[in-house]
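The structure appears right after this line, and notes come after that.
Nothing fancy with the numbering, it's 1 onward along the sequence.
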Amino acid sequence: MFNRIASSILILLFSFSVQHCVTVEGTGRQALNFVPDSTMNRLGLQAFEQILENEKLSTDKVMTAEVKEIGKRIAKASGVNFDWEFRLIESDQVNAFCLPGGKVAIYTGILKVAKNRAGLAAIMGHEVAHAVARLGAERMSQGLLTQAGLTLADLTLSAGDNPHRNNIMAALGLGAQVGVMLPFSRKHETEADVLGLRYMAQAGYDPSEAALFWQRMKALSGGGPPEFLSTHPSASTRSETLSSRAQDYKVRYFEKSDKQENKVFNLNKSSR
């Protein structure tokens with residue numbers, strides 16, 4: 001009896017997954033996404049406002065203007081009409097993020113690694129791509145579906161009074177994390193890197209700079225966890241991927257080249 005119920009639930013989960021496959025903007029990849037844009041955008045805005053309440057915005061007017069200008073150009077190149085916002089946060093963190101709905105923040109600590117406009121465009125292209133491709137919603141959908149599968153497995157083992165239930169569930173949980181969620185996460189990061197490459201070239205920034213940015217990140221960060229245990233590809237992997245793909249977008253770049261894109265940023269104290 002229980003096995004029939006479990007089989008029915010599995011069929012329902014499979015059917016649900018198929019019905020909620022969508023095409024990723026800009027790549028044509030089929031993705032699982034059953035979280036509405038309205039929900040993700042609301043969550044993104046709430047999180048963005050909360051972060052800004054707890055962080056200090058940069059007082060560097062020149063760099064703030066650079067972030068907003070480059071962000072607007074990248075967003076326009078993406079062709080997606082979100083309610084885009086671009087903020088520069090005063091912090092030594094070498095970081096940046098984009099929340100659903102187009103809420104982008106750059107930390108001043110990453111500017112020295114960006115080095116110039118094209119480097120910053122590589123960062124912002126990647127972040128904008130996360131929003132355009134709805135990668136946050138896809139990751140949430142994957143997480144919910146994975147959890148549903150683990151719950152079903154737990155119910156099945158409980159009904160059979162399996163003495164190895166805890167060990168089996170621990171193995172399944174680890175397998176789901178290392179074998180499913182982390183590879184998907186790395187896939188998302190690579191997809192955002194390549195999409196961002198397209199956007200930065202279309203906006204007039206040399207796509208070759210993206211690989212150089214990740215070379216500088218590698219020199220700054222040193223070693224890290226093995227790639228298969230990480231949510232992100234290694235800096236070396238990212239640099240190699242972007243270097244191999246940059247030539248694909250050179251024509252777009254030359255059509256709209258920014259003549260000052262490689263001018264090194266003159267960072268004042270507030271941006272160091």
> Going through the distances and angles, do D37 and R134 end up as a side-chain contact (heavy atoms from CB on, under 4.5 Å)?
Replying inline: CA-CA 8 Å; D37 281 352; R134 275 79 171 177; 3.0 Å; yes

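- Using a 4.0 Å cut-off between charged side-chain N and carboxylate O, K115 and E209 make no salt bridge.
- Side-chain contact check for R198 versus D248: every heavy-atom pair is 4.5 Å or farther apart.
- Shown here for A203 and A77, the closest heavy-atom pair between the two residues is N-CB, 4.0 Å.
- Here the OG1-CD distance, from T237 to E240, works out to 6.0 Å after rounding to the nearest 0.5 Å.
- For P100 against N41, the heavy-atom pair with the smallest separation is C-OD1, 3.7 Å.
- Hydrophobic clustering, with ILVMFWY side chains joined whenever heavy atoms are under 4.5 angstrom apart, groups Y205 together with M217.
- Of the possible polar contacts, none joining the R238 side chain to the W214 backbone as a donor-acceptor pair under 3.5 Å is found.
- Distance check, rounded to the nearest 0.5 Å: CD1 of I106 to CG of L88 gives 8.0 Å.
- T108 is not listed as a side-chain neighbour of D60, based on a closest heavy-atom distance of 4.5 Å or more.
- Between the side chains of R73 and Y199, no donor-acceptor pair of N or O atoms lies under 3.5 Å.
- Residues S208 and D206 have side chains that bring a donor and an acceptor to within less than 3.5 angstrom of each other.
- Here R216 contributes atom CZ and L220 contributes atom CG; the two are 11.0 Å apart, rounded to the nearest 0.5 Å.
- Using a 4.5 Å cut-off between side-chain heavy atoms of Ile, Leu, Val, Met, Phe, Trp and Tyr, with links allowed through other members, L45 and F86 fall into different hydrophobic clusters.
- Identified under the salt bridge (charged side-chain N to carboxylate O under 4.0 Å, His left out) test for residues 95-108, with sequence neighbours left out: D83-K103, E85-K103.
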>> Using the rule given for side-chain contact (heavy atoms from CB on, under 4.5 Å), can you reason through F213 versus N116, listing the C-alpha separation, both sets of side-chain angles and the distance that settles it, and then say yes or no?
In response: CA-CA 10 Å; F213 165 78; N116 53 43; over 6 Å; no

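- Proximity of M200 to I74: side-chain heavy atoms (C-beta onward) are separated by under 4.5 Å at one or more points.
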> For L120 and L111, what are the C-alpha separation, side-chain angles and deciding distance, and is it a side-chain contact (heavy atoms from CB on, under 4.5 Å)?
Replying inline: CA-CA 7 Å; L120 182 53; L111 295 178; 4.2 Å; yes

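- Classification of the H126-H130 ring pair by plane angle, with boundaries at 30° and 60°, yields perpendicular.
- In this structure, the side chain of E127 engages the main chain of C98 through a donor-acceptor pair within 3.5 Å.
- Summarising the geometry of A131 relative to G102, their closest heavy-atom pair is CB-N, 4.1 Å, with the distance given to 0.1 Å.
- Hydrophobic cluster of I89: the remaining members, joined at side-chain heavy-atom separations below 4.5 Å, are F48, I51, L52, L57, F97, L99, Y107, listed by chain and number.
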>> Apply side-chain contact (heavy atoms from CB on, under 4.5 Å) to residues T64 and K68 and explain how you reach the verdict.
In response: CA-CA 6 Å; T64 296; K68 291 183 177 180; 4.0 Å; yes

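- Contact of the I123 side chain with the I110 side chain is registered, since non-hydrogen atoms from C-beta on lie closer than 4.5 Å.
- For the residue pair S236/S239, the side-chain donor-acceptor check at 3.5 Å is not satisfied.
- Put simply, OG on S234 and NZ on K218 are 7.5 Å apart, with the number rounded to the nearest 0.5 Å.
- Taken from CE in M40 to CZ in R42, the straight-line distance is 10.5 Å, to the nearest 0.5 Å.
- For the atom pair I70 CD1 and M124 CE, the distance stands at 7.0 Å (nearest 0.5 Å).
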